[in-house]
Amino acid sequence: MNAVRIPGWQVSSALPMSFGATMDLGASRRGAAGGPLALRGAGLLSALGHGAMDRGDVTPAEAAPVAGADMGHAAHSLPAIAGWVQAVRAQAAAILAEGGLPVLLGGDHSLPMGSVAAAADHAARLRRPLFVLWMDAHGDFNTPATSGTGNVHGMSLAALCGEAGLGAVWGEDAPAVVDPSRVMVLGARDLDDDEAALMAARGVQAVSVAAMRRDGMAALAGFLDRVAAEDGLLHVSFDIDVVDPAYAPGTGTPVAGGLEPSEAAEALSMVSGGGRLMSLDIVEVNPALDQQHRTARLTVGLMRYLFGTSMDWLRQAA
């Protein structure tokens, strides 16, 4: 399908520049490392629009001891993950410095510790607030002290918001801390008790699928209004498990009761209309668990709503 730019849609004036990170050490199931290849094969570059560029895949920094981190079960594979996080951060920062819009292709959801860190630093330099829309079935707000699995992809958002426990995963250059009161977790439906309590205490806004179906997109609309009112910048971290596994089976931590594709498309269309998107993650597509590339194709189709390259993709794909 050829990309068609919808008149009046402007997700951002910056040129999207994608790059891959073929790492899934933050998850309990392997396979998401194949996500970048699967997304490219499903036509992602076309979905990002005319002039979008693909920077290829990053190479991780050499794994090294991570000072201050609790090792072993508390945070699996953290030194190796740190190398990937630092590589992702450097690539995203370079794209932002060039005036581009970085699009991280994962890989698991620990990788945005690099991309969001770059966005937070960039927003701080511009003296503008950063808002984060975390589209995910999970909160990713555990710490090594609360996690029952030790999987780092379930701790990434907490670390970005300043919670302790992962040590110097960013190396010697700690990023600007994301204000948790400017974070929304959209589509949440599988939160651990301690995790949910910590999110509430820190002011993270968690919006469940049930709440979305009860209230429509009112919560998201209010969040995007805040971004505009504060002249903020927006990072979107899109985990495909926000969508119901009946439609997106190719992901490592599926949770029933997720968004319908049309609901996800509506949410992304709302973000598109605001014109404040600064950076994007697309993570947790696992081709090893997929069925006939359904999940990769759906993910790419949904990105067309974010970038305004096809208003009719879901109808055409039905």
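For reference, positions follow the sequence shown, starting with 1.
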Rounded distance (nearest 0.5 Å) linking atom CH2 of Trp170 with atom CG of Leu160: 5.0 Å
Is a donor on one side and an acceptor on the other found under 3.5 Å between the side chain of Asp108 and the backbone of Gly26? yes
Interatomic distance, Ser237 atom OG to Met135 atom CE [nearest 0.5 angstrom]: 10.5 Å
Shared hydrophobic cluster, Leu302 / Val283 (ILVMFWY, side-chain heavy atoms < 4.5 Å): no
So which atom in Asp179 and which in Val183 form the shortest heavy-atom distance, rounded to 0.1 Å? O-CG2, 3.6 Å
Between Gly31 and Ala288, what is the shortest heavy-atom contact and its length? CA-CB, 4.2 Å
Quick check on the hydrophobic clustering: are Leu104 and Met53 connected, directly or via other members, by side-chain heavy-atom contacts under 4.5 Å? yes
As a test of understanding, state which of Met184, Glu230, Arg276 forms a side chain to side chain contact (heavy atoms under 4.5 Å, CB included) with Phe131. Glu230
So how far is it from Glu266 CD to Leu220 CG, rounded to the nearest 0.5 Å? 8.5 Å
Full working for side-chain contact (heavy atoms from CB on, under 4.5 Å) between Asp121 and Arg89: CA-CA 10 Å; Asp121 289 339; Arg89 182 184 183 185; 2.6 Å; yes
Short side-chain donor-acceptor distance under 3.5 Å, Asp281 and His235: yes
For Ala158 versus Thr143, what's the shortest heavy-atom pair and its separation? CB-CG2, 4.4 Å
Is Arg29 reaching over with its side chain to a backbone N or O of Thr253, donor-acceptor style, under 3.5 angstrom? no
Tell me whether Arg30 contacts the main-chain N or O of Asp24 through its side chain, where contact means a donor paired with an acceptor under 3.5 Å. yes
For Gly100 and Met17, which heavy atoms make the closest approach, and how far apart are they? CA-CE, 4.4 Å
Could you tell me if the side chain of Leu166 sits less than 4.5 Å from the side chain of Met113, heavy atoms only? yes
For a quick check under 3.5 Å, do Asp136 and His138 share a side-chain donor-acceptor pair by atom type? yes
Met199 CE to Cys161 SG distance, which is reported to the nearest 0.5 Å: 9.0 Å
What do the steps show when you test Val103 against Met303 for side-chain contact (heavy atoms from CB on, under 4.5 Å), and what is the final call? CA-CA 11 Å; Val103 180; Met303 290 305 113; over 6 Å; no
Ile81, Asn151, Leu25, Thr149 screened by side chain to side chain contact (heavy atoms under 4.5 Å, CB included) with His76, the one that passes: Asn151
With the threshold set at 4.0 Å, does a side-chain nitrogen-carboxylate oxygen contact exist between Asp244 and Arg189? no
Would you say Met278 and Val178 are hydrophobically clustered, going by side-chain heavy atoms of ILVMFWY under 4.5 Å? yes
With distance as the sole test, does Arg297 use its side chain to make a donor-acceptor pair with the main-chain N or O of Gln292 at under 3.5 Å? yes
Are Leu15 and Ile95 co-members of a hydrophobic cluster defined by side-chain heavy atoms under 4.5 Å apart? yes
Can any side-chain N or O of Trp134 pair as donor or acceptor with the backbone N or O of Ala206 at less than 3.5 Å? no
Ser147 side-chain N/O to Pro144 backbone N/O, donor-acceptor pair under 3.5 Å: no
Smallest heavy-atom separation, Glu263 atom then Met217 atom, equals O-CE, 3.3 Å
First locate atom CG of Asn142, then atom CD of Glu163, and finally report the distance between them rounded to the nearest 0.5 Å. 10.5 Å
Does any N or O in the side chain of Ser269 come within less than 3.5 Å of the main-chain N or O of Ala265, such that one atom is a donor and the other an acceptor? yes
Could you go step by step and tell me if Asp173 and Gln86 meet the side-chain contact (heavy atoms from CB on, under 4.5 Å) rule? CA-CA 10 Å; Asp173 184 16; Gln86 291 166 32; over 6 Å; no
In this structure, would Val255 and Ile240 fall into the same cluster of hydrophobic residues linked by side-chain contacts under 4.5 Å? no
Report yes or no: does Glu284 contribute a side-chain atom to a donor-acceptor pair with the main-chain N or O of His109 at less than 3.5 Å? yes
Can you pull the ring-ring contact (aromatic ring centres under 6.0 Å, His included) pairs that have at least one residue in residues 264-299, sequence neighbours excluded? none
Scan Thr251, Asp290, Asn286 and name whichever one has a side chain to side chain donor-acceptor pair (under 3.5 Å) with Thr295. Asp290
Asp54 vs Ser18 side-chain heavy atoms within contact, under 4.5 Å: yes
Exam field: side chain Arg182 to backbone Val227, donor-acceptor pair closer than 3.5 Å: no
Where do Trp84 and Ser110 land on the side-chain contact (heavy atoms from CB on, under 4.5 Å) test, with the steps shown first? CA-CA 9 Å; Trp84 283 97; Ser110 63; over 6 Å; no
Spacing of Tyr305 atom OH and Ser262 atom OG [to the nearest 0.5 Å]: 9.0 Å
Got Val271 and Phe238 here, is their nearest side-chain heavy-atom distance under 4.5 Å? no
